[in-house]
Amino acid sequence: MNAEIVHCEGGVTLLGGGIAAPADVAISLTIAPVLVAADGGADRALALGLTPAAVIGDMDSLSAAGRAALEDRLHPVAEQDSTDFGKCLHHVAARFYLCLGFTGLRLDHTLAALTELTARPDQTVILIAEDEVIFRAPPRLVLDLPPGTRVSLHPMGPVSGRSTGLRWPIDGLAFAPESRTGTSNEALGPVTLEIDGPMLVLLPKDQLTPVLHALLPPDARGG
């Protein structure tokens, strides 16, 4: 990764300035204990009594008090071709990323965060939103889900695939943002997906553990 600001052998918690429940941040830090803030996310970190290892962004939303408190940890990135979320993902090298505070306050910021997930198939990025866990589906995914769990699939381009364990199988379907999406499918039990194309998976937030087991090797799942 070019121009690394932070290098972590394990997981990193990325914190933005959107909605992030304190309990979710605490759980994330037990799994990915290195905290990096995206611009104004540093103010949220300080409000939670946390000191980020680095603050990355164009620094247009960080308060003066935040700047003063974290002066030696600020890493301004002036270019305007990416969001602060994208800047963090570009300049932080980690095995995986748990990302909070990038949804909820502004729809344009939420859409931009979903675009970042789509654009980074080679990075394991898990977005923890207010009620959901969201990630880009790898080519093959096995999720150990309880029966009745909502499984939403949202294509960010042309997508095809196969499934087992879904109430409504996706085999033979042509997904695309403008024509067919997979909102509110349902797990009958463990689910297997084989996906060709940029597909986002949205699960209830209480299914974070199965997501971690599906996306991370065993040694990366703990704190």
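Quick caveat: nothing in here was measured; it's all calculated off a predicted structure. What's counted below: heavy atoms across the whole structure, side chains too, no hydrogens, waters or symmetry copies.
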Open item on the list: If you apply the rule side chain to side chain contact (heavy atoms under 4.5 Å, CB included), what do you find for Leu193 with Leu166, and how did you get there?
Closed with: CA-CA 9 Å; Leu193 298 173; Leu166 289 178; 3.9 Å; yes

- [ ] List the steps and the verdict of side chain to side chain contact (heavy atoms under 4.5 Å, CB included) for Ile134 and Val201.
- [x] CA-CA 6 Å; Ile134 310 167; Val201 181; over 6 Å; no

Task: Trace of the side chain to side chain contact (heavy atoms under 4.5 Å, CB included) decision for Leu29 with Leu35 - done: CA-CA 7 Å; Leu29 288 170; Leu35 177 64; 4.0 Å; yes

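In terms of hydrophobic clustering, with Ile, Leu, Val, Met, Phe, Trp and Tyr side chains grouped at heavy-atom distances under 4.5 Å, Leu70 and Val36 are assigned to different clusters. Note on Val12: it does not cluster hydrophobically with Leu74, by side-chain heavy-atom contacts below 4.5 Å among ILVMFWY residues.
A side-chain contact (heavy atoms from CB on, under 4.5 Å) with Lys205 is found for one member of Asp131, Ile27, Ile128 and no other, namely Ile128. Val159 pairs with exactly one of Leu200, Thr181, Ile195 by the side-chain contact (heavy atoms from CB on, under 4.5 Å) rule, that one being Ile195.
Residues passing the side-chain hydrogen bond (donor to acceptor under 3.5 Å, both in side chains) test with Glu178: none are found, sequence neighbours excluded. Applying the ring-ring contact (aromatic ring centres under 6.0 Å, His included) test to Phe175 and every residue at least two apart in sequence or in another chain returns nothing.
To the nearest 0.5 Å, the span separating CG on Leu208 from OG on Ser28 amounts to 8.0 Å. Atom CG in Leu117 sits 14.0 Å away from atom CE in Met199 (nearest 0.5 Å). Residue Thr13 holds its OG1 atom at 8.5 Å from CG of Leu15, rounded to the nearest 0.5 Å. Rounding to the nearest 0.5 angstrom, the gap separating the CG atom in Asn185 from the CG atom in Leu202 is 12.5 Å. Between the CG atom in Leu100 and the CG atom in Leu127 there is a gap of 8.0 Å [rounded to 0.5 Å]. A distance of 5.0 Å separates CG of Leu215 from CZ of Phe135, quoted to the nearest 0.5 Å.
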Can you give me every donor-acceptor pair (side chain of residues 136-156, partner residue at least two apart or in another chain, under 3.5 Å) with its distance?
{"residue": "Arg136", "atom": "NH1", "partner": "Thr118", "partner atom": "O", "Å": "2.5"}
{"residue": "Thr149", "atom": "OG1", "partner": "Pro146", "partner atom": "O", "Å": "2.7"}
{"residue": "Arg150", "atom": "NH1", "partner": "Glu132", "partner atom": "OE2", "Å": "3.1"}
{"residue": "Arg150", "atom": "NH2", "partner": "Glu132", "partner atom": "OE2", "Å": "3.4"}
{"residue": "Ser152", "atom": "OG", "partner": "Ser184", "partner atom": "N", "Å": "2.9"}

Table please: side-chain donor-acceptor pairs of residues 43-59 below 3.5 Å, with sequence neighbours left out.
{"residue": "Asp43", "atom": "OD1", "partner": "Ser63", "partner atom": "OG", "Å": "2.7"}
{"residue": "Asp43", "atom": "OD2", "partner": "Ser63", "partner atom": "N", "Å": "3.0"}
{"residue": "Asp43", "atom": "OD2", "partner": "Ser63", "partner atom": "OG", "Å": "3.4"}
{"residue": "Arg44", "atom": "NE", "partner": "Gly18", "partner atom": "O", "Å": "3.0"}
{"residue": "Arg44", "atom": "NH2", "partner": "Gly18", "partner atom": "O", "Å": "2.9"}
{"residue": "Asp58", "atom": "OD1", "partner": "Asp60", "partner atom": "N", "Å": "3.2"}
{"residue": "Asp58", "atom": "OD2", "partner": "Gln80", "partner atom": "NE2", "Å": "3.2"}

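Within 6.0 Å of CZ in Arg73 there are more than 12 heavy atoms belonging to other residues, nucleotides or ligands.
Looking only at side-chain heavy atoms (C-beta outward), His91 and Val77 come within less than 4.5 Å of each other. The shortest distance between side-chain heavy atoms of Val191 and Thr164 does not fall below 4.5 Å. No side-chain heavy atom of Val92 sits under 4.5 Å from any side-chain heavy atom of Glu4. Considering only heavy atoms from C-beta on, Trp168 comes within 4.5 Å of Glu186 through its side chain. Within the 4.5 Å cutoff, the side chain of Cys99 has heavy atoms near those of the Val125 side chain.
Considering every non-hydrogen atom in both Leu14 and Phe85, the closest pair reads CD1-CE1, 4.0 Å. Minimum heavy-atom separation, Pro198 to Pro158: CD-O, 3.6 Å. Contact detail for Phe96 and Ala32: the closest heavy-atom pair is CE1-CB, 4.0 Å.
With hydrogens and angles ignored, the 3.5 Å screen pairs a side-chain donor or acceptor of Glu79 with a backbone N or O of Ser82. Judged by distance alone, the side chain of Tyr97 and the main-chain N or O of Cys88 form no donor-acceptor pair under 3.5 Å. Checked by atom type and distance alone, the side chain of Gln123 pairs as donor or acceptor with a backbone atom of Leu89 at under 3.5 Å.
Judged as a side chain to side chain donor-acceptor pair (under 3.5 Å), the pairs with a partner in residues 32-41 (not counting sequence neighbours) are, in order, Asp39-Ser61.
Using modelled atom types, one finds no donor on one side chain facing an acceptor on the other under 3.5 Å when comparing Glu194 with Ser163.
The existence of a salt bridge linking Glu71 and Arg67 is excluded, since no basic side-chain nitrogen approaches an acidic carboxylate oxygen closer than 4.0 Å.
Summarising the hydrophobic clusters (Ile, Leu, Val, Met, Phe, Trp, Tyr; side-chain heavy atoms under 4.5 Å, direct or chained), the residues clustered with Leu111 are Leu107.
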